[in-house]
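Structure first, commentary second.
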Amino acid sequence: MPRVSGFAALAAPAFWLCLTGAVTLALLPNAADFPELSDKAQHMLAFGTLALLGAFAFPRFPRVHLAERLSFLGALVEVLQAIPALHRDCDIRDWIADTIAIVAVLALLQMFNLPRRRR
């Protein structure tokens with residue numbers, strides 16, 4: 001069995017924890033606002049983090065599929081935010097910001113050949 005580095009061992013639980021937290025915060029009615037970050041910056045931070053953790057948590061999973069699924073999650077969150085009871089705004093620009101962050105992080109990882117895939 002291959003030895004897993006400390007960061008890689010923590011990446012999968014961290015990914016699922018961040019994914020749960022991001023979706024929960026996105027769907028809470030009148031969620032807490034972080035005034036020091038713009039709405040788009042919050043989206044990009046959340047989905048950029050998910051892309052980074054996802055790449056390290058699942059290094060054998062093709063990056064294009066990871067990008068596709070995370071982008072779909074961003075779109076789904078925006079659709080769900082259209083539910084009137086949530087008092088949230090559905091904005092396609094938020095989904096675009098999510099997707100830009102995902103692609104940028106995964107492109108940087110690809111450029112630096114990270115994470116290195118073990119056979």
Side-chain angles (χ1 to χ4, degrees):
M1 186 170 188
R3 189 171 163 269
V4 179
S5 73
F7 182 73
L10 294 176
F15 172 81
W16 293 114
L17 183 65
C18 287
L19 180 98
T20 303
V23 171
T24 300
L25 286 173
L27 298 180
L28 282 175
N30 303 320
D33 190 25
F34 301 101
E36 56 277 351
L37 288 176
S38 72
D39 181 52
K40 301 301 176 269
Q42 291 175 35
H43 277 266
M44 294 181 91
L45 180 62
F47 280 87
T49 301
L50 287 171
L52 178 70
L53 290 172
F56 279 93
F58 313 107
R60 293 179 184 225
F61 193 69
R63 288 191 179 131
V64 69
H65 292 183
L66 178 62
E68 170 191 56
R69 281 152 177 94
L70 287 175
S71 180
F72 177 78
L73 175 66
L76 180 62
V77 164
E78 291 307 314
V79 169
L80 292 174
Q81 284 182 341
I83 297 171
L86 295 180
H87 303 289
R88 302 297 297 260
D89 294 326
C90 174
D91 187 352
I92 192 169
R93 293 172 297 182
D94 290 342
W95 170 68
I96 292 169
D98 299 342
T99 304
I100 289 170
I102 293 163
V103 170
V105 167
L106 293 178
L108 282 171
L109 290 174
Q110 182 69 33
M111 196 167 65
F112 292 108
N113 194 26
L114 292 171
R116 290 179 175 70
R117 297 176 184 178
R118 297 191 181 255
R119 294 177 192 224

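All residue numbers refer to positions in the sequence shown, counting from 1. Quantities reported herein were computed from a predicted structural model and do not represent experimental measurements. Heavy atoms only: backbone and side chains are in, while hydrogens, waters and symmetry mates are out.
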Minimum heavy-atom distance Leu50-Ala22, with the two atoms named:
CD1-CB, 4.5 Å

In Å and rounded to the nearest 0.5 Å, what is the CD to CZ distance from Glu78 to Arg88?
9.0 Å

Nearest 0.5 Å, please: how far is CG in Asp98 from CE in Met44?
8.5 Å

Between Phe47 and Leu70, the two heavy atoms sitting closest are CE2-O, 3.4 Å

Linking I/L/V/M/F/W/Y whenever their side-chain heavy atoms sit closer than 4.5 Å, directly or via other members, would Leu17 and Phe15 fall into one cluster?
no

Can you get from Trp95 to Leu76 by hopping between Ile, Leu, Val, Met, Phe, Trp and Tyr side chains that sit under 4.5 Å apart?
no

Does Val105 share a hydrophobic cluster with Val103, counting links as ILVMFWY side-chain heavy atoms below 4.5 Å and allowing steps through other members?
no

Can you find a heavy atom in the side chain of Thr99 that is under 4.5 Å from one in the side chain of Ile96?
no

Check for me, please, whether Ile102 and Phe112 land in the same ILVMFWY cluster - side-chain distances under 4.5 Å, paths through other members count.
yes

Taking the side chain as everything from C-beta on, heavy atoms only, tell me whether Leu19 gets closer than 4.5 Å to Leu73.
yes

Do the rings of His65 and Phe61 sit parallel, tilted or perpendicular, given the 30° and 60° boundaries?
perpendicular

Heavy-atom pair with the smallest gap, counting every atom of Leu66 and Ala51
CD2-O, 3.8 Å

Using modelled atom types and a 3.5 Å cut-off, is there a donor and acceptor pairing between side-chain atoms of Ser71 and backbone atoms of Ala67?
no

Indicate the atoms forming the closest heavy-atom contact of Asp94 with Lys40, along with that distance.
OD1-NZ, 2.7 Å

Let me check something: do Leu106 and Val64 share a hydrophobic cluster, defined by ILVMFWY side-chain heavy atoms less than 4.5 Å apart, either directly or through other members?
no

Please report the closest heavy-atom contact between Pro29 and Ala85, naming both atoms and the distance.
CB-O, 4.2 Å

Atom CZ of Arg93 with >12 non-hydrogen neighbours under 6.0 angstrom
no

Exercise: identify the closest heavy-atom pair between Ala26 and Gln81:
O-NE2, 2.8 Å

